[in-house]
Amino acid sequence: MDIEVQNLLRHLPSVEELLQAERTKRLITDGHPRPVVVALIRQALQECRGRIQGGEYLATEAVKQIILEKIEEKARDFSKPNLRPVINATGVILHTNLGRAVLSQRAKQAIAMVAEGYSNLEMDLGTGERGSRYHHVAALLANLTGAEGAMVVNNNAAAVLLTLTALARGKEVIVSRGQLVEIGGSFRVPEVMAQSGAQLVEVGTTNKTYLRDYEQAISEKTAMLLKVHTSNYRVVGFTKETATEELVALGRSRKLPVAEDLGSGFLLDLSAWGISDEPTVQDSVAKGVDIVTFSGDKLLGGPQAGIIVGKKELITRLQAHPLTRALRIDKLTMAALEATLREYLDFTSARENIPTIKMLTATKEEMRQAAAMLLENIQTEAGREIICELMEDWSEAGGGSLPVTFLPTWVVALSGIEGGPERLAGKLRSGDPPIIARIKDHKLMLDPRTVLPDEGPLLAKALAKCLG
Ligand SMILES: *Cc1c(COP(=O)(O)O)cnc(C)c1O
């Protein structure tokens with residue numbers, strides 16, 4: 001090795017020396033854990049060593065400066081939580097990448113309450129004996145959906161997997177070809193079926209499936225008739241879907257359970273708000289479906305969970321299955337779910353207190369007012385840096401629900417952006433707090449529908465910082 005390189009390497013500052021520097025000491029007194037600072041120093045030293053070996057001339061003092069600056073920056077980055085709040089200005093209410101449903105006040109309080117200490121998660125306080133964690137929501141779900149029994153697992157994918165495994169493993173399940181749904185790439189009906197050990201029997205065609213198609217496919221190997229809600233697409237035009245009532249009647253006459261994967265978990269009649277193409281859970285239960293599965297964090301507006309309601313005897317079999325233990329819901333989720341379901345006991349409180357439902361039912365006029373307020377915030381903070389105006393646009397439910405319902409909205413549209421809207425969108429994403437926007441017609445659109453009530457001024461400030 002070159003003598004000079006050897007010399008530079010020999011004179012690198014020691015970890016101890018760097019730890020004694022004033023700037024480093026300040027980092028530690030500011031609350032950055034000492035082991036983290038030591039690890040960052042080692043890492044930075046290693047990088048400098050590499051640069052010197054690569055032929056760069058870095059004298060001792062220069063190395064010291066580089067390292068001290070680097071560790072300050074890295075310590076700051078490292079201390080920020082990786083999972084943190086962002087402002088959703090996309091207008092997509094159930095944005096899967098942004099955590100789907102925003103929880104209600106009551107749900108947040110319930111989580112905090114249960115997180116704080118011990119709870120009666122699995123204890124019957126009357127007898128002091130072991131109780132069931134499903135007990136906390138079973139009566140509520142029965143009340144809201146009309147079903148005899150209920151249980152909850154980690155998510156709806158788990159609910160479907162459990163249903164198929166516990167009730168149809170080693171046997172056949174009949175599904176219409178028009179309902180072989182894929183949700184977000186990783187949940188596909190044929191694949192979940194394969195995983196469960198049940199055999200998929202496809203019937204009908206993509207656009208038409210008749211009752212006789214199911215009828216003809218039934219054999220002694222059949223364990224279940226499954227209906228899957230095409231939650232994220234619709235088959236329109238020359239189509240025929242077998243009515244749930246007909247499928248249930250067929251199931252009854254052949255002594256086969258009928259299961260339905262509803263996906264969204266919709267409980268309210270929102271036709272007055274123009275939302276009418278989503279089936280409700282209570283409707284499926286009333287029609288006699290034996291097992292209905294749906295998500296907790298889609299249109300229900302609660303935490304991530306998979307809810308299973310239906311015939312008591314079947315629910316008992318699901319609860320007793322060994323897979324249930326692996327798919328178990330945790331206490332914080334249970335707390336949030338119970339609180340969310342309680343809001344549904346009263347239509348008005350559900351509409352006003354569950355953010356998902358509130359966003360879904362916000363009228364165009366309400367959105368115009370919200371957009372005007374956001375525009376004002378932005379003009380105050382960054383009015384001179386950019387052209388901003390109000391425009392009409394459309395929001396979406398997202399999260400694989402209401403695929404053909406577009407909600408009329410007003411947005412703040414930013415144009416005349418230096419470097420183009422993509423560049424600004426990138427800067428907004430790495431801002432503090434990060435802001436997620438959408439781009440359309442070379443404009444950056446900020447949809448107030450998904451911006452929470454107190455986030456407007458924060459959004460404007462973060463935007464001004466990105467432009468400044
Ligand atoms: C969303 C969805 C699922 C998956 O639910 P997760 O709660 O995301 O696991 C399964 N089936 C249907 C029809 C869905 O819409």
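Hydrogens, waters and symmetry mates play no part in the numbers below; they use all other heavy atoms, side chains included. As the structure lists them, so they are numbered: ligands from 1, and atoms in each ligand from 1. Predicted model only: the values in this text are computed from it and were never measured.
- Looking at ligand 1, you won't find any N or O of S264 less than 3.5 Å from one of its N or O atoms.
- Using a cut-off of 4.0 Å between Lys/Arg side-chain N and Asp/Glu carboxylate O, R368 and E365 are scored as salt-bridged.
- In summary, D393 and K440 engage in a salt bridge, as defined by a charged side-chain N under 4.0 Å from a carboxylate O.
- Residue S295 has at least one heavy-atom neighbour below 4.0 Å for each of these atoms of ligand 1: 5 (O), 6 (P), 7 (O).
- In H229, the part holding a heavy atom less than 4.0 Å from any atom of ligand 1 is the backbone.
- Taking a 4.0 Å cut-off on heavy atoms, D261 registers as neighbouring ligand 1.
- Close contacts between ligand 1 and K298 involve ligand atoms 1 (C), 2 (C), 3 (C), 14 (C), 15 (O) [criterion: under 4.0 Å to a heavy atom].
- With respect to E343 and R106, a salt bridge is recorded, a charged nitrogen being found less than 4.0 Å from a carboxylate O.
- Contact analysis puts I183 in contact with ligand 1, with a non-hydrogen atom separation below 4.0 angstrom.
- Atom 15 (O) of ligand 1 has as its closest protein heavy atom S231 OG, 2.4 Å.
- Contact check for N377 versus K461: no side-chain heavy atoms found under the 4.5 Å cut-off.
- Using a cutoff of 4.0 Å between basic side-chain nitrogens and carboxylate oxygens, R188 and E182 are scored as salt-bridged.
- Taking each of N156, T293, V153, L94 in turn, the one with a heavy atom nearest to atom 10 (C) of ligand 1 proves to be N156.
- Only the side chain of R100 comes within 4.0 Å of ligand 1, judged by heavy-atom distances.
- Using a 4.5 Å heavy-atom cutoff, the side chains of P403 and S231 are not in contact.
- Here A157 has heavy atoms under 4.0 Å from ligand 1 in both its backbone and its side chain.
- Between N207 and T239, the side chains place no donor N or O within less than 3.5 Å of an acceptor N or O (distance only, hydrogens not considered).
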